[in-house]
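Taking it in order: structure first as structure tokens, then the write-up.
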Amino acid sequence: LPEKEKMSPPRYLELPRAEQPRLICDGVRCALLAGEALSAAALEGDTLAAHFTMEPNSRLHQLIPEGHNAFVYIIDGEGNFAGEEADK
């Protein structure tokens, strides 16, 4: 949150599965909860929340804004993140 909003009351937003954008592009499936991915957008804000499922040998180039963090969990296979190799 921006500094001016740090002490604001907590909020919760229900986003039912039926309302989540579901995208498929070149072997990458995406359930988009917030932010922008695969040329689509969901819920305005400064956060990206997406669940990507990738077919073998598919590629995804998802930009992460400078100063932001990313969490990636590899169930099977390997990935390259900013030049760093990772596997399960």
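- Applying the side chain to side chain contact (heavy atoms under 4.5 Å, CB included) criterion to Glu19, with sequence neighbours excluded, gives Leu15, Pro16.
- Hydrophobic cluster of Ile24: no remaining members, since no ILVMFWY side chain lies below 4.5 Å from it.
- In this view, Ala50 and Cys30, Leu32, Leu48, Phe52 satisfy the side chain to side chain contact (heavy atoms under 4.5 Å, CB included) rule, not counting sequence neighbours.
- Residue pairs meeting the side chain to side chain donor-acceptor pair (under 3.5 Å) criterion with at least one partner in residues 74-84, sequence neighbours excluded, are Asn80-Glu85.
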Would you be so kind as to tabulate the donor-acceptor pairs closer than 3.5 Å made by side chains of residues 56-75, with sequence neighbours excluded?
from	atom 1	to	atom 2	distance (Å)
Ser58	OG	Glu55	N	3.3
Ser58	OG	Glu55	O	2.6
Gln62	NE2	Glu36	O	3.3

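- Taken together through direct or relayed side-chain contacts under 4.5 Å among Ile, Leu, Val, Met, Phe, Trp and Tyr, Met54 and Leu38 form part of one hydrophobic cluster.
- Taking Thr53 as the reference, Arg29, His51 meet the side chain to side chain contact (heavy atoms under 4.5 Å, CB included) condition, with sequence neighbours excluded.
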